[in-house]
2 protein chains.
Amino acid sequence: MPTEPLSRRRIVAAAIGLIEREGADAISMRRIAADLGVGVMSLYNHVPSKDVLLDGVAEAVLSKIEFTDDPDAHWTDRVRLQARAFRQIAHHYPRSLMVVVSRQLHSAAGLLPVERALATLRSAGFGGADAVRILRMFIAYIVGSLLREVGVTPTFAPVHTRMIKADSVDAALFPEVSSLAPLLDECDHEAEFEFGLELLIQAIVAHSARSR
Amino acid sequence: MPTEPLSRRRIVAAAIGLIEREGADAISMRRIAADLGVGVMSLYNHVPSKDVLLDGVAEAVLSKIEFTDDPDAHWTDRVRLQARAFRQIAHHYPRSLMVVVSRQLHSAAGLLPVERALATLRSAGFGGADAVRILRMFIAYIVGSLLREVGVTPTFAPVHTRMIKADSVDAALFPEVSSLAPLLDECDHEAEFEFGLELLIQAIVAHSARSR
DNA sequence: ACCTGAACACCGTTCAAGT
DNA sequence: ACCTGAACACCGTTCAAGT
């Protein structure tokens with residue numbers, strides 16, 4: 001059986017598959033090569049280093065976001081759709097998210113979402129400086145939300161009811177955390193995301209009305 | 001010279017020092033041991049694994065946040081101060097931030113910020129469910145902002161004027177990005193952080209006024 | 001041009017041996 | 001109880017050799 005020839009594209013795809021199957025920690029040049037049925041060093045004919053390969057993973061995941069846009073819709077609806085499209089990463093490539101978020105890309109690959117968002121905001125009448133600031137705020141919120149969703153940041157909402165019960169959290173020292181433990185324990189990610197998204201959009205609307 | 005005995009505390013401190021000096025990638029049990037002047041395996045008398053050690057790093061960094069609070073101040077001012085205290089991490093431990101944010105803590109160490117924030121929101125009259133939702137939104141925004149600040153997420157605002165000039169970004173395909181490149185290129189982190197923080201706080205105020 | 005195995009300088013961790 | 005070196009099963013990458 002004549003296997004498809006090795007290529008950067010195939011290597012990146014294999015890397016993403018491995019990450020999603022076994023987690024980002026499991027990734028190694030040797031594992032990827034084994035998955036592709038080639039020697040380790042063959043990879044280096046198409047990719048200069050593991051670091052650059054991970055950049056490729058980040059780019060590939062970003063480029064797979066499916067944006068649907070209706071240029072005639074109100075800008076708030078367009079922003080909503082773009083934010084939700086972005087959130088799909090958390091569902092389609094949950095274990096790759098940390099790689100996406102932790103790589104500083106130097107290519108144009110991750111630029112399409114930025115271009116779309118800026119175009120939307122500018123068409124809504126925002127000036128360049130405002131558009132950039134607003135975009136940055138949305139990105140911060142979305143990235144932070146996805147990290148929570150993917151289970152990587154419960155640093156900041158880590159209380160499990162079981163911890164209270166096990167007395168590993170002192171109810172006297174943390175009264176609010178203790179009494180709200182059931183609420184902290186559960187999280188409807190979509191509802192939380194939409195709540196914050198709506199609040200942000202309303203805040204922008206109010207802000208631009210004020211400064212008019 | 002009688003060196004202080006090895007301890008979990010000293011090992012964590014050495015790890016943080018190493019991360020801040022050489023970056024999170026440079027960290028290894030062997031490097032930490034060398035920095036402490038002991039054999040690698042000595043570490044394992046105080047720490048069960050590298051993973052748990054990194055949890056310790058995250059906890060230690062979080063526990064170093066200096067909160068100042070005035071219970072008599074308006075809740076919006078208290079939230080502002082807490083958010084800014086959190087942001088100090090990005091300045092004091094920039095290279096450790098990724099570790100802090102990527103560790104799922106199972107201890108009570110990271111709980112103080114959560115407790116304080118919940119107490120503040122509840123004292124402002126928010127119900128438990130609202131307090132938790134609002135807290136989650138702030139945390140998402142803050143975490144996302146710090147990741148940008150620390151240079152780890154320019155995935156989403158990566159355009160440097162130099163890229164445009166070097167034609168590595170096609171001005172025809174990315175007109176907004178190209179024309180706004182100078183704005184995307186620079187970022188006053190404090191101003192951006194404050195802009196979004198203020199917007200969020202105003203949004204919460206408006207939201208709670210609406211639902212009253 | 002593409003593939004490869006051997007080799008090098010690293011890892012984290014187990015284990016048995018020391019005090 | 002604490003420390004340790006040797007050993008094991010891994011890493012990423014260089015290099016020289018193959019086609």
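Numbers restart at 1 for each chain; the letters A, B, ... are given by sequence-line order, proteins then strands. The shown structure was predicted, so the numbers you read here are calculated from the model rather than taken from an experiment.
Applying the side chain to side chain donor-acceptor pair (under 3.5 Å) test to residues at least two apart or on different chains, the pairs with a partner in residues 50-60 of chain A are A/Asp55-A/Arg103, A/Glu59-A/Ser107.
Not a single side-chain hydrogen bond (donor to acceptor under 3.5 Å, both in side chains) links A/Arg116 to another residue, sequence neighbours left out. Checked against side-chain hydrogen bond (donor to acceptor under 3.5 Å, both in side chains), A/Arg9 has the following partners two or more places apart in sequence or in another chain: A/Glu4. Scored by the ring pair (Phe, Tyr, Trp, His ring centres under 6.0 Å) test, B/Phe138 finds no partners at all (sequence neighbours excluded). Checked against side-chain contact (heavy atoms from CB on, under 4.5 Å), A/Asp25 has no partners two or more places apart in sequence or in another chain. For A/Gln88, the side-chain hydrogen bond (donor to acceptor under 3.5 Å, both in side chains) test picks out no residue, with sequence neighbours left out. Scanning for ring pair (Phe, Tyr, Trp, His ring centres under 6.0 Å) contacts around A/Tyr93 gives an empty result, with sequence neighbours left out. Under the side-chain contact (heavy atoms from CB on, under 4.5 Å) criterion, B/Ala26 pairs with B/Glu22, sequence neighbours left out.
Taking a pair as Watson-Crick or G-U wobble with both distances under 3.5 Å, DNA chain C forms stems of 3 or more consecutive pairs at C:4-8 with D:12-16, C:12-16 with D:4-8.
The aromatic rings of B/Phe193 and B/Tyr141 lie parallel to each other, with less than 30° between the two planes, well short of the 60° mark.
The stretch residues 26-42 of chain A comes close to DNA chain C through A/Arg30, A/Val38, A/Gly39, A/Met41, A/Ser42, each having a heavy atom under 4.0 Å from the strand. Residues from residues 46-55 of chain A placing a heavy atom under 4.0 Å of any atom in DNA chain D, listed by number, are A/Ser49, A/Lys50.
Side-chain atoms of B/His46 do not come within 3.5 Å of backbone N or O of B/Ile11 as any donor-acceptor pair. With B/Arg95 contributing its side chain and B/Arg21 its backbone, the two residues share a donor-acceptor pair below 3.5 Å.
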B/Glu194 vs B/Arg80, salt bridge (Lys or Arg N to Asp or Glu O under 4.0 Å): CA-CA, chis, key distance, verdict = CA-CA 9 Å; B/Glu194 291 291 329; B/Arg80 263 183 276 268; over 6 Å; no

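Mapping heavy-atom proximity under 4.0 Å, the span of DNA chain C touched by chain A runs 5' to 3' from C/dC2 to C/dA7.
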